[in-house]
2 protein chains.
Amino acid sequence: MKDTVNQLKEYLIKHDIKPSTIRLKILEYLLNNPIHPTADDIYKSLLDQMPTLSKTSIYNTMDLFAGKGVVKVISLDEKEARYDINTCLHGHFKCHVCERIYDFPISCDIQTPQELEGFAINDIDINFYGICQNCKNKERRIWKWNG
Amino acid sequence: MKDTVNQLKEYLIKHDIKPSTIRLKILEYLLNNPIHPTADDIYKSLLDQMPTLSKTSIYNTMDLFAGKGVVKVISLDEKEARYDINTCLHGHFKCHVCERIYDFPISCDIQTPQELEGFAINDIDINFYGICQNCKNKERRIWKWNG
DNA sequence: CTCATATTTTATAATAATTATAATTTTACA
DNA sequence: TGTAAAATTATAATTATTATAAAATATGAG
């Protein structure tokens with residue numbers, strides 16, 4: 001238990017962030033719940049552990065984390081930002097039925113398109129939208145029931 | 001002039017949309033300004049032509065257009081939605097210096113990643129972020145000036 | 001053509017995510 | 001142990017968007 005906390009502390013320090021209770025709790029939450037949570041998801045999940053927690057602290061912490069490269073902010077077709085603890089290049093699939101967000105790997109050989117020759121590319125977002133296999137199976141079952 | 005209006009009318013009708021003054025003006029604006037405008041961009045640009053125009057009408061029209069496939073809503077790393085009159089698959093590059101958004105083609109041979117086998121993919125967003133050539137050149141010039 | 005009805009547009013208010021500001025609490029360390 | 005800096009919180013402000021209902025416009029039957 002204490003070891004875990006120390007690992008989390010080191011993780012933050014390595015990223016040039018002073019550890020604090022809130023920051024450790026948020027980091028722990030993100031590592032245990034790699035579901036691309038929104039600020040509100042994080043807030044609601046930590047509220048019973050930390051009853052004085054404020055939403056502003058979540059935003060402050062996430063801004064700090066994003067600036068130090070601990071999380072990547074992801075923008076899907078929704079108005080809330082989401083936070084991804086996995087900052088390595090990968091794609092996201094959002095199912096518009098269950099709203100779940102799936103990760104998928106991206107072949108590393110993305111070559112710069114000719115049109116962007118001379119551009120500096122710092123970041124890449126690849127988002128797919130559709131229906132996941134789970135939800136597709138459910139739909140099929142419903143069709144059967146309805147005849 | 002009239003011919004153009006008729007072409008615009010037909011374009012809407014073909015997309016199952018009843019033409020109206022507002023809809024035609026917005027469509028015309030989008031075709032003449034393929035700059036991925038926000039609702040506010042469109043509103044401000046049309047306000048002098050149509051002084052009674054309301055922001056709500058822009059949102060209504062864009063929702064209608066998006067539903068009928070006349071525009072694609074694009075979500076970049078900003079809170080406002082943008083609208084793209086080009087609904088064919090292509091990528092976007094946003095320069096974080098000049099904020100301009102560039103289009104670039106995507107090689108058609110995007111194969112479904114194994115992880116998404118059995119998923120229905122309805123839509124793909126590919127967004128790159130960085131500094132465009134223009135702004136990079138300007139930066140270089142500033143370095144020179146500064147010594 | 002004219003009235004009734006449906007559609008479109010507008011004005012207004014409500015909502016929700018985020019940011020700004022300043023006050024309070026906690027931490028660090030002289 | 002006291003003080004300055006940093007972190008956290010409460011509160012209010014901002015902004016994009018949506019909801020609602022009223023007003024304006026278009027449509028179509030008689």
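Every side chain to side chain contact (heavy atoms under 4.5 Å, CB included) that Phe119(A) has, sequence neighbours left out, goes to Leu116(A), Phe93(B), Tyr102(B), Cys132(B), Gln133(B). When the side chain to side chain contact (heavy atoms under 4.5 Å, CB included) test is applied to Asp103(A), the partners found at least two apart in sequence or on another chain are His36(A), Asp84(A), His90(A), His92(A). Here His96(B) pairs with nothing under the ring pair (Phe, Tyr, Trp, His ring centres under 6.0 Å) rule; sequence neighbours left out. In this view, Lys55(B) and Asp40(B), Tyr43(B), Tyr59(B) satisfy the side chain to side chain contact (heavy atoms under 4.5 Å, CB included) rule, not counting sequence neighbours. Ile85(A) meets the side chain to side chain contact (heavy atoms under 4.5 Å, CB included) test with Leu27(A), Leu30(A), Leu31(A), Pro34(A), Val70(A), Val71(A); sequence neighbours excluded. Here Phe104(B) pairs with Phe128(B) under the ring pair (Phe, Tyr, Trp, His ring centres under 6.0 Å) rule; sequence neighbours left out.
Between Met50(B) and Lys79(A), the residue anchored nearer the 5' end of DNA chain C, judged by the nucleotide with its closest heavy atom, is Met50(B).
Within residues 53-70 of chain A, the residues having any heavy atom under 4.0 Å from DNA chain C are, by residue number, Thr56(A), Tyr59(A). DNA chain D is contacted by Lys18(A), Ser20(A), Ile22(A), Arg23(A) of residues 9-24 of chain A, taking any non-hydrogen atom closer than 4.0 Å.
Chain A approaches DNA chain D over the interval dA6(D) to dT11(D), counting the first and last nucleotide 5' to 3' with an atom under 4.0 Å from its heavy atoms.
Applying the under-4.5 Å side-chain rule to Ile, Leu, Val, Met, Phe, Trp and Tyr, the cluster around Ile131(B) extends to Val97(B). Hydrophobic cluster membership for Ile13(B): none, as no Ile, Leu, Val, Met, Phe, Trp or Tyr side chain comes under 4.5 Å of it. Through chains of ILVMFWY side-chain contacts below 4.5 Å, Tyr129(A) is grouped with Leu76(A), Ile101(A).
By the rule that hydrophobic residues join a cluster once side-chain heavy atoms approach within less than 4.5 Å of another member, Leu53(B) and Leu64(B) end up as members of one cluster.
Rounded to an integer number of Å, the gap from Tyr43(B) OH to dT9(C) P is 15 Å.
Here Thr52(B) lies in heavy-atom contact (under 4.0 Å) with sugar-phosphate atoms only.
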